[in-house]
Amino acid sequence: MESKRKSTIQIEALHFAEPKTYNVFSQARRPQKPYGRRHCKRGCILFIVFDGKQQLPGASTSTEFDMPIIVFKYFRVKALGEGGRMLLAYGGQEFVDHRVSDQEWPTLKPTTPFGQLPVLEVDGKQYAQSMAIYRYLGRRFGLAGDDVEEEYLIDQAVEFYNELRLKASAVYHESDKIIKAKMHDDLMKNYYPFMLKKLDDVMSENNGYLAAGKLTWADFLFAGMYDCLKMVLKLPDLDVRYPSFKNLHRRVLSLPGVDEYCKKAPHSEF
Amino acid sequence: MEKTVFYYFNLKALGEGVRLLLAYGGEEFEDHRVSQEDWPELKPKTPFGQLPMLDMGGKRYAQSGAICRYLGHKYGLAGANLEEDLLIDQSYDFVNDIRVKAATVWYEADEAAKAKKQEDFAKNQYPFLLNKLDELIKQNNGHLALGKLTWADFAFTGMFDYLKTMLQMPDLEEKYPSFRELKDNVLSLPKVKEFCANTPKPVLNI
């Protein structure tokens, strides 16, 4: 990836145009070391939200970026996208937070690698699949464990978590009401208690985190999806049943960078 | 030195990919096929109450995708940098997406609902996804990523018959010759070929 490329982009909706100094991270090696600091008087933005509704009058401006352009594309919800946004925010990586509306999606879909979101665009090159993207960002920002064994432990925890999430989502997306109710009852009785307890045990064994006893990209996936998980499980009292889940959620959201991002990001219920 | 033992049912499904990788890596291992009778006793001893499970170097590994990626790194079947690894992960996840989708149909208990879902998916979802997969393999010289052999190819090959069954498309390879080409690229590797020639016949061809 070219590191000193200059590019100019037109920004349509400028939400946060405060002068600030930010770190530009080297893309070439791990662990991440800043290779420069930049200060811009104008148009120095932590992230930009493309949201068709919110166009500030006279907001069209052009800004020079002395670094690769990162765009994160996802729908206007948290679900599988929020973890990626929070990872980028934590890593101090400037990015375009492209929130795709229902109207825009049909035109955008054929331009994506697999007709799906999220998509991470790095200097015009598109990458798909949420877990692949999260792992990549995790490795970029020192959140992927110290060695291949710890990377495996993260993958293991994520795969386990995703099983639970996917099973619950399948019920959520079931259109037949009778079948849906039956599926939910079955899972409530025979599956969720075991899986949720296991997840709780995993966190107890890992200092409240999902893997390797410390903060990893798996925790960002969990936190980003937390409200969605409660919804698909139909367990709004999940916080009470498993305080460890809420604690991890809170812990990730209050991380430096993530905290700032959450305060400014558009609100979404799930 | 601790023995390497791979535990899975006598099926291919989600376990075969790991077996093929172990064979490719020249790893001496016990291919422990768990019977339905033995499973209840083993289940509580597994990390997540599931199979597959791999005991290696004194450690216990679970979750098929995580294990495949781990072995991929071990046997030189991963990328040379983070971007290359991302491309492999991306392809593998996409195949997995298709599998998960087909599984929601396959494991539907209500027969009428299952038939309805199958009709819907076969018309509205599978063609797009399988065409995309076909395109991907063609762009990568008969592989899933980087234009060459990676661990994702092994995962795909291992789960192929499972996927074919759940898609309810017995003519999958005829429709998409690139899928057969990819499988052959893995199954023709000498150590893999030898392993497959000597394995027990699975209970079901999934």
Side-chain angles (χ1 to χ4, degrees), chain A residues 1 27-30 109 112-116 119-120 122 125-140 144 147-149 151-164 166-167 169-171 173-176 178-180 182-183 186 194-195 198-199 201-202 211, chain B residues 14 47-50 54 56-57 59-74 78-79 81-98 100-101 103-105 107-110 112-114 116-117 120 125 128-129 131-133 135-136 139 145 152:
Chain A
M1 197 188 311
Q27 300 295 331
R29 53 192 186 277
R30 306 154 56 187
K109 183 171 165 144
T112 63
F114 300 118
Q116 300 167 319
V119 160
L120 178 74
V122 180
K125 190 163 162 74
Q126 295 203 100
Y127 298 100
Q129 291 294 339
S130 51
M131 299 305 120
I133 292 169
Y134 285 29
R135 185 179 298 102
Y136 172 79
L137 294 176
R139 293 170 99 192
R140 281 248 164 264
D147 55 31
V148 83
E149 296 293 332
E151 287 200 0
Y152 160 78
L153 288 171
I154 301 167
D155 287 344
Q156 179 191 242
V158 165
E159 207 167 319
F160 168 71
Y161 168 80
N162 278 335
E163 260 190 63
L164 167 65
L166 286 166
K167 258 223 166 59
S169 296
V171 179
H173 288 113
E174 175 59 59
S175 45
D176 185 307
I178 298 171
I179 292 176
K180 182 173 178 155
K182 199 163 148 232
M183 280 168 92
D186 176 42
F194 172 83
M195 293 295 273
K198 220 6 165 184
L199 193 57
D201 288 345
V202 166
Chain B
L14 291 178
F48 299 103
Q50 301 167 321
L54 174 68
M56 190 184 222
K59 295 204 184 102
R60 180 153 276 187
Y61 301 87
Q63 300 296 340
S64 59
I67 298 173
C68 284
R69 187 178 297 102
Y70 175 79
L71 293 178
H73 279 278
K74 192 170 185 208
N81 53 47
L82 300 195
E83 281 74 25
E84 289 200 346
D85 276 345
L86 171 54
L87 287 169
I88 302 170
D89 285 343
Q90 178 185 257
S91 293
Y92 167 77
D93 282 353
F94 180 60
V95 172
N96 213 38
D97 263 4
I98 303 175
V100 167
K101 215 169 208 108
T104 63
V105 180
Y107 290 109
E108 172 62 68
D110 184 294
K114 182 171 174 168
K116 195 166 149 225
K117 225 180 227 179
D120 172 32
Q125 305 232 24
F128 175 81
L129 294 170
N131 287 344
K132 261 284 179 235
L133 182 58
E135 232 176 79
L136 182 69
Q139 283 165 7

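We use all heavy atoms of the structure for the numbers below, so side chains are in, but hydrogens, waters and symmetry mates are not. If you're wondering where the values come from, they're calculated on a predicted model, not measured in any experiment.
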Of the listed residues ([options]), which shares the most heavy-atom pairs with chain B below a 4.5 Å separation?
| options | value |
| --- | --- |
| E149(A), E174(A), H173(A) | E149(A) |
| A132(A), G115(A), S130(A) | A132(A) |
| I179(A), D186(A), I154(A) | I179(A) |

Can you tell me how far the [atom1] atom of [X] sits from the [atom2] atom of [Y], to the nearest 0.5 Å?
| X | Y | atom1 | atom2 | answer |
| --- | --- | --- | --- | --- |
| E163(A) | Q63(B) | CD | CD | 5.0 Å |
| M183(A) | E108(B) | CE | CD | 6.0 Å |
| E151(A) | D85(B) | CD | CG | 8.0 Å |
| D155(A) | D89(B) | CG | CG | 7.5 Å |
| Q50(B) | E159(A) | CD | CD | 9.0 Å |
| K182(A) | D110(B) | NZ | CG | 6.0 Å |

A170(A) portion near chain B, given a 4.5 angstrom heavy-atom threshold: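 Only the side chain of A170(A) comes within 4.5 Å of chain B.
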Contact origin within V158(A) toward chain B - heavy atom pairs under 4.5 Å: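 Neither the backbone nor the side chain of V158(A) comes within 4.5 Å of chain B.
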Heavy-atom pair count under 4.5 Å with chain A, highest-scoring of A62(B), G65(B), A103(B), P47(B):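 Most heavy-atom pairs under 4.5 Å with chain A: A62(B).
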Note, V148(A) side chain near Y70(B) side chain (heavy atom, < 4.5 Å):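 V148(A) reaches Y70(B) side chain to side chain.
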Min side-chain heavy-atom separation Y127(A)-L87(B) under 4.5 Å: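 Contact flag for Y127(A)/L87(B) side chains = yes.
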Per-residue contact mode, L133(B) against chain A (heavy atom under 4.5 angstrom):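 Neither part; nothing is under 4.5 Å.
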Evaluation steps, side-chain contact (heavy atoms from CB on, under 4.5 Å), between F114(A) and Q90(B): CA-CA 10 Å; F114(A) 300 118; Q90(B) 178 185 257; 3.4 Å; yes
Whether over 12 other heavy atoms sit under 6.0 Å from K116(B) NZ: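 Incorrect, the count does not exceed 12.
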Cation-aromatic face contact K74(B)/Y152(A), 6.0 Å, 45 degrees: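 No, K74(B) does not sit over the ring of Y152(A).
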N/O donor-acceptor pair under 3.5 Å between Q156(A) side chain and Y61(B) backbone: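 Such a contact is absent between Q156(A) side chain and Y61(B) backbone.
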E83(B)/R139(A) ion pair, N-O < 4.0 Å: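 Answer for the salt bridge query: no.
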Residue pair D97(B) / Q116(A), side-chain donor-acceptor N/O under 3.5 Å: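 Per modelled atom types, D97(B) and Q116(A) side chains form a pair under 3.5 Å.
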